[in-house]
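Structure record follows, encoded as structure tokens.
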Amino acid sequence: MNRSVAIIGTRGYPSYYGGFETAVRFLAPYLADRGWDVTVFCRPGAAGNIDEADPRIRRVFTKGIETRSLSSLTYSFSSVFHTARTKPDVALVMNVANGFALPLLRRKKIPTLLNVDGIEWERDKWNGLAKKVFLAGAKMSAKCADQLVFDAHAIGEYWKREFGREGVFIPYGGTRSFVKKPLPLGLEERRYALFVARFVPENSIHEFFSAAMRISQHYPVVIVGSSGYGGELDTAASALAKNTNIHWLGHLRDDDLLHSLWSSAGAYFHGHSVGGTNPALVQAMTLGAPIVARDTVYNREVLGDSGILVNPNPDDISSNIQTVLGDSVLQEKLSAASAQRAAEIYTWEKVCAKYETELEKLVTRTL
């Protein structure tokens, strides 16, 4: 008998927006291969074209209010109302912002597996009201979700300490499969610094932009990312790109090009300071990028001894990146170490198998 799962809380399938969407791009077809009936709820205009989708994945487009503060909540409730009517065997819910809708699924006896994401209520990108909403959603998730998923052990320790809930560790994966593309802009193998991030302050954007000016005196610098909304940081990136040795590519939807840039980088700087296991860091490791990362509990957990950890200031960032760029032996040592660690822990096959195991447990528990 086929089992059915509804996936709620992402922008849709297939989508290239962020970590949740990347996970669903791999997980949905994996579950379909294993005999699951998979439904992914989508936001209009946010999911890829139908010809990019696995035809076995049912896509349901729901309504919501498309603003930064209301989109998650409104799309969540419309997805949950639909799920309550169709009654799948289990629901996979992404992000505690969807926690407010969990009581309805519980009333309908639909078990829920919820990925809590990071600690959103501590992020600088949100105002005071948004932080309160995320914290309230986390408390509701702790109360109502049948099982929780933490993408980092440090996140799990936080939830046990603050909310008294335990869960399972399931990180993100990386893929080595891509079509190698010629490097653009006259870039040379292992001779440029790379930075990939959404433009929010906690990703060390200001610090790296200052460091980029120093690095660019000796090596090319490639910046991938944007805020998605325009504003100060995009303006700053545009100003930086007037330097002929700094290249801002904006948001890249071309995975093959992005993966080519990671695999050939001389040094990749990862500046994320919050959020647990970061998908971009895992993908960079998988592709063997020599990594310099901001020293945080999360980056330390993911990298182990396979990268260089630095303080979040322009001096430390620029000096360490230039050290790596100038030392081919160090580059290859870091590259081999990060790729090996990724292969041991952070593969999509292992990640998807863990998700299926937890979904199966919830289905079996309710039979």
Between [atom1] of [X] and [atom2] of [Y], what distance do you get to the nearest 0.5 Å?
X	Y	atom1	atom2	result
I308	H270	CD1	NE2	15.0 Å
N98	S76	CG	OG	3.5 Å
H218	S318	NE2	OG	9.0 Å
I155	T277	CD1	OG1	8.0 Å
L92	L31	CG	CG	8.5 Å
F269	I291	CZ	CD1	11.5 Å

Can you check whether [X] reaches [Y] side chain to side chain, under 4.5 Å on heavy atoms?
X	Y	value
V324	I321	no
S141	W159	yes
L249	I223	no
V351	Y30	no
V38	I7	yes
Y13	F41	no
H206	E232	yes
R198	N203	yes

Quick check: does any side chain N or O of [X] sit under 3.5 Å from a backbone N or O of [Y], one acting as donor and the other as acceptor?
X	Y	result
R59	T39	no
S306	L303	yes
E301	A154	yes
D316	N311	yes
W248	G225	yes
S204	G271	yes
D151	I170	no
S335	Q331	no
T175	S177	yes
R165	A145	yes

Other residues, nucleotides and ligands only: do more than 12 of their heavy atoms fall within 6.0 Å of [atom1] on [X]?
X	atom1	answer
E188	CD	no
R300	CZ	yes
K160	NZ	no
M140	CE	yes

Taking side chain to side chain donor-acceptor pair (under 3.5 Å) as the definition, give me every residue that meets it alongside [X], ordered by chain and number, with sequence neighbours left out.
X	result
K181	D254
S4	D89
E189	S264

Subject >> Centroid-centroid under 6.0 Å between Y192 and Y219 rings >> reply: no
Subject >> Ring-ring centroid check F209 F199, cutoff 6.0 Å >> reply: yes
Of all heavy-atom pairs between [X] and [Y], which one has the smallest distance, and what is that distance?
X	Y	result
A138	F163	CB-CZ, 3.9 Å
Y298	A152	CD2-CB, 4.4 Å
S227	D234	OG-OD1, 2.5 Å
F150	G156	CD1-CA, 3.4 Å
Y268	A289	CB-CB, 4.1 Å
P103	C144	CG-SG, 4.0 Å

If a pair satisfies salt bridge (Lys or Arg N to Asp or Glu O under 4.0 Å) and one of its residues is in [range], list it, with sequence neighbours excluded.
range	answer
residues 13-38	R25-D255, D33-R56, R34-E356, D37-R58
residues 209-231	R214-D315
residues 327-352	R190-E332
residues 127-145	none

Original post:
Who are the salt bridge (charged side-chain N to carboxylate O under 4.0 Å, His left out) partners of R294, not counting sequence neighbours?
Top reply: none
Applying the 4.5 Å side-chain criterion to the ILVMFWY set and letting contacts propagate, would [X] and [Y] be lumped into a single cluster?
X	Y	result
V221	V224	no
V302	W262	yes
V179	L183	no
L148	L135	yes
L261	V282	yes

Subject >> Pair N299-D295, side-chain donor/acceptor within less than 3.5 Å >> reply: no
Subject >> Q322 vs I215, side chain to side chain contact (heavy atoms under 4.5 Å, CB included): CA-CA, chis, key distance, verdict >> reply: CA-CA 7 Å; Q322 291 185 76; I215 299 166; 4.2 Å; yes
Throw together a table of side-chain donor-acceptor distances under 3.5 angstrom for residues 235-244, partners on residues two or more places apart or in other chains.
{"from": "T235", "atom 1": "OG1", "to": "G231", "atom 2": "O", "distance (Å)": "3.0"}
{"from": "N243", "atom 1": "OD1", "to": "N245", "atom 2": "N", "distance (Å)": "2.8"}
{"from": "N243", "atom 1": "ND2", "to": "S216", "atom 2": "OG", "distance (Å)": "3.2"}

Subject >> Inter- and intrachain pairs under ring pair (Phe, Tyr, Trp, His ring centres under 6.0 Å), touching residues 167-191, at least two apart >> reply: H153-F169, F178-H259
Original post:
With sequence neighbours left out, what residues match Y158 under ring-ring contact (aromatic ring centres under 6.0 Å, His included)?
Top reply: none
Only distances under 3.5 Å count here; give the side-chain donor-acceptor pairs of residues 111-120 to other protein atoms, sequence neighbours excluded, each with its distance to 0.1 Å.
{"from": "T112", "atom 1": "OG1", "to": "D146", "atom 2": "N", "distance (Å)": "3.3"}
{"from": "T112", "atom 1": "OG1", "to": "D146", "atom 2": "OD2", "distance (Å)": "3.3"}
{"from": "N115", "atom 1": "OD1", "to": "D117", "atom 2": "N", "distance (Å)": "2.9"}
{"from": "N115", "atom 1": "ND2", "to": "Y355", "atom 2": "OH", "distance (Å)": "2.9"}
{"from": "E120", "atom 1": "OE1", "to": "W126", "atom 2": "NE1", "distance (Å)": "2.8"}
{"from": "E120", "atom 1": "OE2", "to": "R123", "atom 2": "NH1", "distance (Å)": "3.1"}

